[in-house]
Amino acid sequence: MSQGNLDEEQVAEAISSLTIGASLCSEEPLFDITDSGEWFYQGGKLPIKFCKLFASILQRIEREYFLITPVEKLKVSVATQALILVDYDKQADGSFWVKSSINTEHKVESLAQFVVTDDSIILLLEKGVEARLNRASFYRFIEEFII
């Protein structure tokens, strides 16, 4: 690799160093994510395009969620999981692509990352964000990989 090119780990480390000093703007959450995956800002429902934008800066730190930029940090109240996954596709290499209800896509390295409980299937995504398969994907997953 040439000196001018950064690998993914270096980019992630650089971004993390930018946001580490961001100060908390408010002790009260300004954003809420419901159990059904809907996003609200100060009580008003956000359009999908804004949810997708904010999801790109969403992080979970010590079981709390924040929207973090280089200059500010906002608390986010999350009812259960931050994202609801509406579809998944197993790749030839054993990894998965998952898609959320707000049209974000994420790569999951292996089947082992899916945590199956009696009533849900949870994934830990990038930046510590938790996601849950929706009911249809839950039943499809159980049929394909558990039964």
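Numbering starts at 1 and runs along the sequence shown. Because the structure is a prediction, the values reported are computed rather than measured.
Under the 4.5 Å side-chain heavy-atom criterion for grouping Ile, Leu, Val, Met, Phe, Trp and Tyr, Ile48 is not connected to Phe40 through any hydrophobic cluster. Placement of Ile33 and Val86 in two distinct hydrophobic clusters is found when ILVMFWY residues are connected by side-chain heavy-atom separations under 4.5 Å, directly or transitively. Grouping the Ile, Leu, Val, Met, Phe, Trp and Tyr side chains by contacts below 4.5 angstrom, directly or via other members, places Ile57 with Leu125. Following chains of ILVMFWY side-chain contacts shorter than 4.5 Å, one cannot reach Ile102 starting from Ile84, and the two form parts of different hydrophobic clusters. Connection of Leu58 to Phe54 is established within a shared hydrophobic cluster, with ILVMFWY side chains joined at heavy-atom distances below 4.5 Å, either directly or through further cluster members.
Counting only distance, with no hydrogens or angles, the side chain of Ser137 and the backbone of Asn134 share no donor-acceptor pair below 3.5 Å. With hydrogens and angles disregarded, no donor-acceptor distance shorter than 3.5 Å links the side chain of Glu72 to the backbone of Ile68. Using modelled atom types, no side-chain atom of Ser120 and backbone atom of Ile122 make a donor-acceptor pair closer than 3.5 Å.
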Stepwise side chain to side chain contact (heavy atoms under 4.5 Å, CB included) test for Lys75 and Glu64: CA-CA 8 Å; Lys75 279 190 177 184; Glu64 287 189 289; 3.9 Å; yes

message: One pair to check against ring-ring contact (aromatic ring centres under 6.0 Å, His included): Phe96 and Phe114. What are the steps and the verdict?
response: CA-CA 10 Å; Phe96 290 80; Phe114 290 82; 4.9 Å; yes

task: Start with the C-alpha distance between Val115 and Leu124, add both sets of side-chain angles, then the distance that settles side chain to side chain contact (heavy atoms under 4.5 Å, CB included), and finish with yes or no.
output: CA-CA 9 Å; Val115 178; Leu124 187 61; over 6 Å; no

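The side-chain hydrogen bond (donor to acceptor under 3.5 Å, both in side chains) pairs that include a residue from residues 43-53 are Glu38-Lys45, where partners are two or more places apart or lie in different chains. Residue pairs meeting the salt bridge (Lys or Arg N to Asp or Glu O under 4.0 Å) criterion with at least one partner in residues 115-134, sequence neighbours excluded, are Asp35-Arg132, Arg60-Glu130. Under the salt bridge (Lys or Arg N to Asp or Glu O under 4.0 Å) criterion, the residue pairs touching residues 77-91 are Asp87-Arg140, with sequence neighbours excluded.
Counting non-hydrogen atoms of neighbouring residues, nucleotides and ligands closer than 6.0 angstrom, the CD atom of Glu143 reaches no more than 12 such neighbours. Applying the 6.0 Å contact sphere to CZ of Phe50 captures no more than 12 heavy atoms from other residues, nucleotides or ligands.
Ile142 places a side-chain heavy atom less than 4.5 Å from the side chain of Ile121. In this structure the side chain of Asp32 never reaches within 4.5 angstrom of the side chain of Val76, judged on heavy atoms. In this structure, the side chains of Phe66 and Leu74 stay at 4.5 Å or more apart for every pair of heavy atoms. With contacts defined as side-chain heavy-atom distances shorter than 4.5 Å, the pair Trp97/Tyr88 does not qualify.
Summarising the geometry of Trp39 relative to Ala82, their closest heavy-atom pair is NE1-O, 4.1 Å, with the distance given to 0.1 Å. Nearest heavy atoms, Ser77 versus Pro29: N-CB, 3.7 Å. Of all non-hydrogen atoms in Ser101 and Gly37, the two that sit nearest each other are OG-O, 4.4 Å.
Side-chain N/O atoms of Tyr139 and Glu144 include no donor and acceptor closer than 3.5 Å.
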